[in-house]
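Proteins come first, then strands; the chains are lettered A, B, ... in the order of their sequence lines, and each starts at number 1. Worth knowing before you read on, the calculation uses all heavy atoms, side chains too, and leaves out hydrogens, waters and symmetry mates.
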Amino acid sequence: MPELPEVETVVRSLEQHLAGLTVTSVNLIKPEVIRSPKPEEFIELLLGKTFLKKMGRRGKYILLNLSENLTLVVHLRMTGRLIYCDAEAPLEKHTHVIFLLDNGKHLRFADVRRFGRLQLVPTTEVMELPGIKELGPEPLEPEFTREFIKKEIRRHRTRIKPLLLDQSFIAGLGNIYADEALFRAKVHPERLASELTSREAAALHKAIVEVITEGIEHRGTSFRDYVDGEGRAGSFQNHLKVYNRENHPCTQCGRPISRIKVAGRSSYYCSACQKAK
DNA sequence: ATCGCCTCCTGATGGC
DNA sequence: TGCCATCAGGAGGCGA
């Protein structure tokens, strides 16, 4: 499931291919995946536009910048894929949009579960979009400090796991990296956010930065559907310490990893290393 | 503010 | 072998 490291990897892999290419036609197989504007206008606006050198990302949103102040905003949600490939490449099932480029190649959007969305907006308005303007700090930007965590965590009466998944608190974490960060910080997912000690908050800050950084270095976690902008799998799934490891031995203490539901989400943790208190 | 619950959707899995 | 229920989880919406 694409979280920050997966989305960042997609952006980086697409960036190097798309820069300078012009959209020559758009095939909207499933117009429902376009959030805005209307399908006809979406196509009309894109035709003849050129991808810029610099792409972007905010939280889990992919920002593909084009000429004439346009940005194609893509959210992959659970199973979305954005892939640059040969026009002759076999069409994978659930391909919903095909962009033909002026070098003869394709940019394709595919999504088994059809939760993902594409949106074409003026570049100057991207940061004001609903869903983007509410986002909390980027974990790898200077604004995400130890002090931020310490201070903000106390304002919330919820448990720490759902808070980490709240995109308006921190942008980009999903179920996998949230569990991995909590394990590294030795914090139980059901601990009340406001009751973490200063030391624990600092450890959590460090753990989030580390796990996100390592996730990017390994080009993401290919647990089920995720591949990058060229259809290649990542390798961070080989380095997960708790996620999807129920009953497997903890890498720290050897006891079996537990799995519980927290706010409706599977949460994997080590009951010995991460005490409930 | 925070909760649970629901919806979107398909494929994988497990019980019988 | 098939049939059905359950689960996966990102985000947004609902009412409590």
Could you list the protein-to-nucleotides 11-15 of chain B atom pairs, N/O on both sides, closer than 3.5 Å?
unit_1  : atom_1 : unit_2 : atom_2 : d
dG11(B) : OP1    : K93(A) : NZ     : 3.4
dG11(B) : OP1    : H94(A) : NE2    : 2.9

Atom pairs under 3.5 Å: protein N/O with N/O of nucleotides 11-13 of chain C:
unit_1  : atom_1 : unit_2  : atom_2 : d
dA11(C) : OP1    : H75(A)  : NE2    : 2.7
dA11(C) : OP2    : K60(A)  : NZ     : 2.9
dA11(C) : OP2    : Q167(A) : NE2    : 3.4

If you measure from the P atom in dG11(B) to the same atom in dA11(C), how many Å do you get, rounded? 22 Å

For atom P, what is the distance between dG10(C) and dA1(B), given to the nearest Å? 23 Å

Is there a side-chain polar atom (N or O) of R114(A) under 4.0 Å from OP1 or OP2 of dT7(B)? no

Below 4.0 angstrom from OP1 or OP2 of dG10(C), is there any side-chain N or O of Y226(A)? no

Check: H188(A) ring centre within less than 6.0 Å of Y269(A) ring centre: yes

Base, sugar-phosphate, or nothing for F169(A), non-hydrogen atoms under 4.0 angstrom? nothing

Under-4.0 Å salt bridge between E195(A) and R191(A): no

R184(A) with E210(A): basic N within carboxylate O range, under 4.0 Å: yes

For DNA chain B, which ranges pair as stems of 3 or more consecutive Watson-Crick or G-U pairs, with both donor-acceptor distances under 3.5 Å? B:2-8 with C:10-16, B:10-16 with C:2-8

Under a 4.0 Å N-O cut-off, is there an ion pair linking E128(A) with K133(A)? no

Between R57(A) and E138(A), does any NZ, NE, NH1 or NH2 come within less than 4.0 Å of an OD or OE carboxylate oxygen? yes

Assess whether a salt bridge exists between E15(A) and R12(A), defined as any Lys/Arg side-chain N lying under 4.0 Å from an Asp/Glu carboxylate O. no

In whole angstrom, give me the gap between the P atoms of dA5(C) and dC6(B). 16 Å

Contact class for R159(A) (heavy atom, under 4.0 Å): base, sugar-phosphate, or nothing? sugar-phosphate

Presence of H156(A) side-chain N/O under 4.0 Å of dT2(B) phosphate oxygens OP1/OP2: yes

Between dG2(C) and dC9(B), how far is it from one C1' atom to the other, in whole Å? 23 Å

For the pair D111(A) and R81(A), find out whether any cationic side-chain nitrogen is under 4.0 Å from an anionic carboxylate oxygen. no

Ionic contact status for E32(A) with K30(A), cut-off 4.0 Å: no

Flag the pair R219(A) and D228(A) as a salt bridge only when some basic side-chain nitrogen lies within less than 4.0 angstrom of an acidic carboxylate oxygen. yes

